[in-house]
Each structure stands twice: as C-alpha cells, then as structure tokens.
Amino acid sequence: MTENPQNMEPSVDPDIRVDGDDAVVIALGSNDKGVWPSCVDLLEAAIARFRAEGIDILARSSWWRSAAWPDPSDPPFVNGVVIVSTAHDPHALMATLGRLEETFGRERQRTNAPRTLDLDLIAFGRLNGDLDGLILPHPRAAERLFVMGPLAEIAPEWVHPTAGKTARVLAETCAVGTDARPIG
C-alpha cells in the first residue's frame, strides 16, 4: 500500500494492453469503512487480496469520490476500476468477488444500502448477454461516471461490448454520478 492512498495515481504497465477485446474490468466501491480507518484503506486491502484469489491486476485507476446513488443523503462513495487477468470463468469470478465482499463485511440488507465493499464485474472480454443469470457487460455501467471515469483513466480506448463507444466517450456522456471526481 502506498503511504498516501488518497492520492493514488492510476497505474498501467505500458507493456500490457488493457483496452483490448479480452479486457476483464472490475469496479470497486465503498461508502461504509467498517473496521478500516477509511473507505480508501478498505479498498486498498481488498485489492491486496485479489492475487490470492487468482485475480492479477493489470491496471488500476485512481480513487474517485461521488455522492451516494440513488440516495445522496447516504455517505459518499469511493470508487475505482481495475483491469485484471484471471483463469476464472465469468461465473467463478463472480463467486470469488461475492466471497471477497463478504470477507470485507458486506451485508445485503436492502438495495443500494451503504456497503463496505461493492465489487462489480463490468466486462469479461467481449462477452455479452445473459449467461445463465449473469448479465454482461454490466447493464448500467456505461451510464455511471464513477465507473466510466476511472476506466477512461486507465483504458480510454476500451470499447464497451454493446454500446460500441470508448470509455472516454462514455465518461463524457454519463448521466449518473456526474459529480464523481478523482480524489486528491
């Protein structure tokens, strides 16, 4: 972990292509720090666990802050995006992400309630449609600046599998979470 995770810079290995047709994109979010000093610390701890779960991070965005959605009276969110490599198939990856959420104290009390850790599979390569209950790409990600903004930082030319637009273009036209901004 860096000394000052609030000022985390985007990280992309220049020798690895992260915006190609095989990109696996995961969004992270938190608006309940649980037992951690801050939501950023919680998210950093979650990322640190990825490798042990068979998920290698190829690129990561900076952390972004935005008002909670859909209820801005809830605590604000800290969000980010990672592009990963994994041997997991989409269903196994979703199960792994769910286990990580539980490990970090996620409780599913009500829809859109504050949460310690929210891990969303945004895209798994070019897969699209209903894959036995798993909808890919994530059906609302293209509308959310707190997803597309961080993604555009690390993979601006990544093309959404169904919208056919780049992360950069989508970030410019998002209708949800328009207050999202990088922290720092």
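The analysis underlying the following values was restricted to heavy atoms, covering all of them including side chains, and did not include hydrogens, waters or symmetry mates.
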With a 4.5 Å limit on heavy-atom distance, are the side chains of [X] and [Y] in contact?
| X | Y | result |
| --- | --- | --- |
| Arg126 | Val159 | yes |
| Leu28 | Asp118 | no |
| Pro161 | Leu127 | no |
| Val84 | Asp56 | no |

Without placing hydrogens or testing angles, list every side-chain donor-acceptor pair under 3.5 Å for residues 135-147, not counting sequence neighbours.
from, atom 1, to, atom 2, distance (Å)
His138, ND1, Arg140, N, 3.1
His138, ND1, Ala141, N, 3.3

From [atom1] ([X]) to [atom2] ([Y]), nearest 0.5 Å:
| X | Y | atom1 | atom2 | answer |
| --- | --- | --- | --- | --- |
| Leu121 | His91 | CG | NE2 | 10.0 Å |
| Glu101 | Thr116 | CD | OG1 | 8.0 Å |
| Phe50 | Ile26 | CZ | CD1 | 5.0 Å |
| Glu172 | Lys165 | CD | NZ | 11.0 Å |
| Asn79 | Ser66 | CG | OG | 5.0 Å |
| Trp158 | Met148 | CH2 | CE | 5.0 Å |

Nearest atoms (heavy-atom pairs only) where [X] meets [Y]:
| X | Y | answer |
| --- | --- | --- |
| Asp74 | Asn31 | CB-ND2, 4.2 Å |
| His88 | Glu53 | NE2-O, 2.8 Å |
| Met94 | Leu134 | CG-CD1, 3.6 Å |
| Ile83 | Ala23 | CG2-CB, 4.3 Å |
| Ala67 | Asp179 | N-OD2, 2.7 Å |
| Lys33 | Ser38 | CB-C, 3.6 Å |

Answer with yes or no whether the hydrophobic clustering places [X] together with [Y]; edges join I, L, V, M, F, W, Y residues whose side-chain heavy atoms lie under 4.5 Å apart.
| X | Y | result |
| --- | --- | --- |
| Phe77 | Val40 | no |
| Ile122 | Val81 | yes |
| Ile183 | Leu117 | yes |
| Val169 | Val176 | no |
| Val78 | Leu97 | yes |

* Asked: So, are Arg115 and Asp32 salt-bridged, with charged N and O less than 4.0 Å apart?
  -> no
* Asked: Hey, are Arg60 and Glu44 close enough for a salt bridge, meaning a charged N less than 4.0 Å from a carboxylate O?
  -> yes
Do any N or O atoms from the side chain of [X] and from the backbone of [Y] form a donor-acceptor pair under 3.5 angstrom?
| X | Y | answer |
| --- | --- | --- |
| Glu157 | Thr166 | no |
| Ser61 | Leu151 | no |
| Arg181 | Thr178 | yes |

* Trp36 ring center near Phe104 ring center (under 6.0 Å) -> yes
